[in-house]
Number of protein chains: 2
Amino acid sequence: MVTETDTTTQPRIPLTKDRVFSAAIKIADQDGLDALTMRHLAEELGVEAMSLYYHVANKEAVLDGIIDAIMGEIEEAAGGFGPKDDNLDWKSALRQRILTARSVMLRHKWAPSVFETRTTISPVAMRYFDALLGIVREGGFSYDLAHHGMHALGSRSLGFTQELFEPENPDKTDAEEATAMMEQMADQLPYMVGMMMEISHDDPDSTIGWCDDDTEFNFALDLILDGLERLRIAS
Amino acid sequence: MVTETDTTTQPRIPLTKDRVFSAAIKIADQDGLDALTMRHLAEELGVEAMSLYYHVANKEAVLDGIIDAIMGEIEEAAGGFGPKDDNLDWKSALRQRILTARSVMLRHKWAPSVFETRTTISPVAMRYFDALLGIVREGGFSYDLAHHGMHALGSRSLGFTQELFEPENPDKTDAEEATAMMEQMADQLPYMVGMMMEISHDDPDSTIGWCDDDTEFNFALDLILDGLERLRIAS
DNA sequence: ACCTGAACACCGTTCAAGT
DNA sequence: ACCTGAACACCGTTCAAGT
């Protein structure tokens, strides 16, 4: 029989790798990546920072772990990485998989930054890429073209693009600052000014530059997929 | 008349922003980005860490400064961002500009990581993008398509791709580790194994995955440029 | 005007020690 | 087996003080 332990107050759930990773993701989701320190992580788990080192080798292992967990979320959202979806053409199948990955990424805005710093590819990520590779391969690609195609997709195969010069909080002063600078340099930036004027004409409250929205993602994705399809046919 | 100062030994070159940025780039080039700390930077300049704060607001300002300097190198390598190069078609002109930027990036392997963390775009970078925009605009693009095209190029417009899961030193154990893991999961990775077998057949000492070499960069670049050209014609 | 010493509030991590 | 206290070697940054 399970008897009540005679510890003082709470039964205290024991620490596990998974609990550590979950807490880490929670912190990053709520307070951003900078808030994810070993000390905060321990605090979130009601434990001393040093206790973490009994379960994980170091902070890198934590980051590896949360990326693996994210890939797990993608697998779950996709209903598994089973090889044959249905009778979709390769392009639709690939886009579907990628947009599923993207839906998970949008829940974890910090994830791209962590992906970039990983040096070893996680097992779940390997299976993810194998599934993508399978889709194009079964779609009639040579391994060589499939390989190039994966590189061409880059981070987009995981559902995100790393935007350059993107302010963290676009509603803040960064955007105004950039706009002010552009106005000051207006004579040196003829085309940017022209573009701004034309686009603001059509859409008064658009701001150029920090717009990695779904429109841009889908535009680039389709551009690459269409290009690959043409190369496949030509080969 | 300029008299000899009565300071003890060396005349001591005074600190300037530019000297700070140059030293910072030198450190990053030689010892990597992690070695770029305010304390090391000061040491490199023969000064105490706190002295730096008289010339720059904080470390972010240093990072902004070295990115500006890198953009300056690109401008120099391109012989200026003058609007009209010659009688090249837009595609050749754009590729040329981008490959020039890439040649500078290859001298500063750490630069992509710093670019990703910038939240404000530097003035020189603005002029760079204006020049790119000018090339496609004069090549017959609408501003709308030009804008989408820039987003589609992403970091490639600056001459680099952020590779996922790229080991820092590919000659080290990371590659072996990844290969070992793949062999262990071979039954779950049918397509990766198939690809490896075929490619290693053609090229015995190739290793899959960490190959963001010029071949992949150019493949993806041309794929996107060709796609944009087709959209331009269709529009 | 330009640089510095001392100090603060943080990091990740080790190691011997507790239960 | 699991957790902790104390400590180490670092960070970026401030502020009053020196010349």
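The model shown is predicted, which means the values in this text are computed figures rather than measured ones. Lettering of chains follows the sequences in order, A, B, ..., and the numbering in each one begins at 1.
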Please report the interatomic distance [atom1]([X]) to [atom2]([Y]), rounded to the nearest 0.5 Å.
X	Y	atom1	atom2	answer
R107(A)	E73(A)	CZ	CD	4.5 Å
I74(B)	R102(B)	CD1	CZ	12.0 Å
T119(A)	L164(B)	OG1	CG	12.0 Å

Report yes or no: do Q162(A) and S155(A) form a side-chain donor-acceptor pair below 3.5 Å?
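The criterion, which ignores hydrogens and geometry beyond distance, is satisfied for S155(A) and Q162(A).
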Does the protein touch nucleotides 5-19 of chain C at the base, only the backbone, or not at all? Give it as B, S and - per nucleotide, heavy atoms under 4.0 Å.
BB----BBBB-----
If we call it a pair only when both distances are under 3.5 Å in a Watson-Crick or G-U wobble match, what pairs with dT19(C)?
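Partner of dT19(C): dA1(D).
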Searching all strands shown, indicate the nucleotide that pairs with dA7(D) (Watson-Crick or G-U wobble; both distances under 3.5 Å).
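dT13(C) - that is the nucleotide pairing with dA7(D), both distances being under 3.5 Å.
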Residue-phosphate contact under 4.0 Å: H55(A) side-chain N/O, dC3(D) OP1/OP2
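The answer is yes; a side-chain N or O of H55(A) sits under 4.0 Å from OP1 or OP2.
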Within less than 4.0 Å of OP1 or OP2 of dC3(D), is there a side-chain N or O belonging to Y54(A)?
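Indeed not, no polar side-chain atom of Y54(A) lies that close.
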Using a strict threshold of under 4.0 Å (side-chain N to carboxylate O), is an ion pair present between R127(A) and E75(A)?
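Salt bridge between E75(A) and R127(A), a charged N being under 4.0 Å from a carboxylate O: yes.
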Going by the angle between their ring planes, with limits at 30° and 60°, are F165(B) and F115(A) parallel, tilted or perpendicular?
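The arrangement is perpendicular - the two ring planes meet at more than 60°.
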